[in-house]
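In this chain, residues are counted from 1 in sequence order.
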Amino acid sequence: MDWKKTLGFTDRLKTIQSLTAAYQQGSSSDAFTEAQIQARKLESEAYEQAVSKEEYDLLCQKAVDAAETIASTSLETEVEDDTTGNVPDEASASGESIGHYRDCIPHFDGLHSAIYKSKSQDGTLVALKITIPHLLEPPHDAHREAQLLRESASKHVIPLLETFELDGGRFVMAFPYKKYDFEALLRRGSLSASQTRSILRNMFSALSSIHEKGIIHRDIKPANILLDSPAGPAYLADFGIAWREKSIEAEPADKKITDVGTTCYRPPEVLFGYNGYGAALDLWAAGCVVAEAIAVDHKQLFDAGPVGSDLSLIQSIFTTLGTPDEEGWPETAHLPDWGKIEFYKYPAKNWDEILQGSSSNVRDLVSKLVRYESGQRLSAVEALRHPYLSS
C-alpha cells in the first residue's frame, strides 16, 4: 500500500503546526505568517521527496532540529501589557503605607503571603512580600527564605533588597518588581523559540548557583520564574520553602518534609515518601518546566488531576514513563511507601511521542532530567552544557 494513502490530512496538519511552532521566531502576526509559510513549504517538500512514512518523519524532524540554529534576535518582542503589568502612576496612586513605602497597591493575595506593588524613593518599582511568620507552617518559613535569598545572591536569582518588621508580627521582604512570569507568557504564546531557550538557560544558571551552595529550592515551576520583559533576563523567585542544612528552622537532612513542590512538578521519590532527597528534586521539576515550555500547546508534562492528588500524579507519570520496577529504579529500596500499592504495568512511551514536534536536542535534555533514579539526572551544570542550551 502506498504510504501516502495512510497519511491523512489531520496527520499532515499536525506536522505543519509543529514545524510552524519550531520556526516561529517571534510573537507578532507577521512572524507567525512567515513561519507558517516556511512550515508548509518544508512539509510539502518532505511529502514529495520521501519514499516511506519513516523517511517523511525523518525529514520533518530534521527541519525541526534545524530551527534551533536560526537566529531570532531581530524578532524579539514585547508582549502587550495588561492589568498584571500596570503600576499606578505615582500622582494618582492612593494605596496604603507599608514601612517607609507609600501608595502601596495590592497585587496578589496568596495562601501564605500578600504581595503589594510600590515605588522606592528613587522611583524604582518594588514588590513587597508580607508574611506573618508565626502563622506559617513548615516547610514555609519567612526568615529562612530571607536568609537563603541573601546566600543565593547571583545573576539569575531575584535580589532581596531589604527586610523589615511591622506591627502585628508582620515580616516584609522587598524585591525589584518584575512585570511578567514565565507561566503567563507561555499561556499567551508570547515567546519566540530563542526567548524560551534563553529563559530556560537562566533558570538552570540560577539552579547551578544555589545548588553549589547546598540550597534546594523545592518549588521549581514556570510561575516562579520572573522577568521584566519576554526578552529577559529571567530570575528564580519564591524561596518560601527552600532548604539548606542548618539554615533557620531547617529540617534534618535525612528527615526533610516530603510535602514540597507544586502538584505536577513533584518528583516520584517524594511521592513515595523519601525524605532524604537532594538537589535532584529541583532537576526533575526543571525537566518538567522544559517539557512544558517547548510543547506546542505548552501542556504540563504530567497531570495531577483536578484536585492535585498524589495518586493521580503517580498514574500520570507511570502511563508516560512506564511503571517502574526495583531493577529499573534501584532507589525504590529506600522509598518508605514503595510497594504499598500494586500498580498496573504501563509500558513506557518514547520521548518522540511524548514531546511530539520538538527537536531531538530538547527531547534528549528532558529525557536526562525526568528520570526515576534521581542519581542519574543531569545536574544544573551538566544541563547548561547540553547542546540544547549551550548552542
Side-chain angles (χ1 to χ4, degrees), residues 138-139 204 207-208 210-221 241-247 250-291 300-305 308-351 353-354 363-383 386:
F204 282 105
L207 287 175
S208 173
I210 69 171
H211 289 170
E212 184 181 8
K213 298 176 174 69
I215 297 169
I216 309 173
H217 186 276
R218 302 203 292 191
D219 197 15
I220 299 299
K221 58 183 178 182
I241 61 173
W243 179 93
R244 180 184 58 73
E245 190 171 13
K246 298 181 180 179
S247 57
E251 318 99 272
D254 60 346
K255 295 181 181 179
K256 301 185 195 77
I257 292 174
T258 57
D259 187 15
V260 294
T262 299
T263 56
C264 60
Y265 305 98
R266 302 179 69 210
E269 60 265 30
V270 299
L271 297 175
F272 286 96
Y274 183 53
N275 49 22
Y277 56 81
L281 174 142
D282 286 343
L283 276 308
W284 170 282
C288 294
V289 171
V290 176
Q300 293 167 339
L301 183 58
F302 302 116
D303 183 6
S309 75
D310 287 356
L311 280 178
S312 294
L313 179 55
I314 289 169
Q315 182 178 27
S316 179
I317 293 172
F318 285 5
T319 56
T320 304
L321 304 183
T323 305
D325 55 26
E326 291 80 0
E327 182 179 355
W329 189 14
E331 198 171 24
T332 55
H334 306 291
L335 305 182
D337 298 332
W338 179 258
K340 291 183 178 180
I341 299 176
E342 186 174 351
F343 293 93
Y344 182 84
K345 300 296 183 182
Y346 294 101
K349 296 179 181 179
N350 294 322
W351 280 104
E353 177 186 358
I354 299 170
R363 287 203 305 261
D364 184 70
L365 174 60
V366 174
S367 72
K368 290 176 177 176
L369 292 165
V370 183
R371 292 188 170 187
Y372 285 118
E373 190 71 10
S374 63
Q376 294 180 358
R377 297 171 199 157
L378 292 181
S379 68
V381 172
E382 290 170 333
H386 190 276

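At a threshold of 4.5 Å between non-hydrogen side-chain atoms, the residues Ile317 and Leu271 count as touching. Looking at Ile341 and Ile314, their side chains never come closer than 4.5 Å, going by heavy atoms from C-beta outward. For the pair His211 and Leu283, the minimum side-chain heavy-atom distance is below 4.5 Å. Contact annotation: the side chain of Ile354 approaches that of Leu301 to within less than 4.5 Å [non-hydrogen atoms, C-beta and beyond]. Looking at Glu373 and Pro330, their side chains come closer than 4.5 Å, going by heavy atoms from C-beta outward.
The heavy-atom pair separating Leu365 from Leu378 by the smallest distance is CD1-CD1, 3.9 Å. Heavy-atom minimum distance, Cys264 versus Cys288: O-SG, 4.2 Å. The minimum heavy-atom distance between Phe204 and Ala380, with the atom names listed, is O-CB, 3.7 Å. What you find for Ala348 and Leu321 is that their closest heavy atoms are CB-O, 3.0 Å. Between Tyr372 and Glu269, the closest heavy-atom pair is O-OE1, 4.4 Å. Pairing each heavy atom of Ser312 with each of Gly305, the nearest pair is CB-N, 4.0 Å.
The CG atom of Asn275 sits 7.0 Å away from atom CG of Asp254, with the distance rounded to the nearest 0.5 Å. In this structure, CZ in Phe318 is found 10.0 Å from CG in Leu311, a value given to the nearest 0.5 Å. Taking CG from Asp364 and NE2 from His386, the interatomic distance works out to 3.5 Å, rounded to the nearest 0.5 Å. Atom NZ in Lys256 sits 5.0 Å away from atom CD1 in Ile216 (nearest 0.5 Å).
Under the ring pair (Phe, Tyr, Trp, His ring centres under 6.0 Å) criterion, Trp284 pairs with Phe302, not counting sequence neighbours. With sequence neighbours left out, the side-chain hydrogen bond (donor to acceptor under 3.5 Å, both in side chains) criterion links Ser208 to no other residue. The side chain to side chain contact (heavy atoms under 4.5 Å, CB included) test applied to Gln315 returns Thr319, Tyr346, not counting sequence neighbours. Applying the side chain to side chain contact (heavy atoms under 4.5 Å, CB included) criterion to Asp303, with sequence neighbours excluded, gives Ser316. Here Trp351 pairs with nothing under the ring pair (Phe, Tyr, Trp, His ring centres under 6.0 Å) rule; sequence neighbours left out. Here Phe272 pairs with Trp338 under the ring pair (Phe, Tyr, Trp, His ring centres under 6.0 Å) rule; sequence neighbours left out. By the ring pair (Phe, Tyr, Trp, His ring centres under 6.0 Å) test, Tyr277 pairs with no residue at all, sequence neighbours left out. Here Lys340 pairs with Asp337 under the salt bridge (Lys or Arg N to Asp or Glu O under 4.0 Å) rule; sequence neighbours left out. Evaluation of the side-chain hydrogen bond (donor to acceptor under 3.5 Å, both in side chains) rule for Ser374 yields Glu331 as partners, not counting sequence neighbours. For Arg244, the salt bridge (Lys or Arg N to Asp or Glu O under 4.0 Å) partners are Glu151, not counting sequence neighbours. With sequence neighbours excluded, the residues forming a salt bridge (Lys or Arg N to Asp or Glu O under 4.0 Å) with Glu251 are Arg218, listed by chain and number. Taking the salt bridge (Lys or Arg N to Asp or Glu O under 4.0 Å) definition, one finds that Lys349 meets it with nothing, sequence neighbours left out.
Ser379 contributes a side-chain N or O that, together with a main-chain N or O of Glu382, makes up a donor-acceptor pair within less than 3.5 Å.
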Under the side chain to side chain contact (heavy atoms under 4.5 Å, CB included) criterion, do Val370 and Val290 qualify, and how do the steps go?
-> CA-CA 10 Å; Val370 183; Val290 176; over 6 Å; no
Given the rule in the side chain to side chain donor-acceptor pair (under 3.5 Å) test, do Asp219 and Thr262 qualify, once you have shown the distances and angles that lead to the verdict?
-> CA-CA 6 Å; Asp219 197 15; Thr262 299; 2.6 Å; yes
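The pair Asp310-Arg266 meets the salt-bridge criterion, with a side-chain N (NZ, NE, NH1 or NH2) lying under 4.0 Å from an Asp/Glu carboxylate O.
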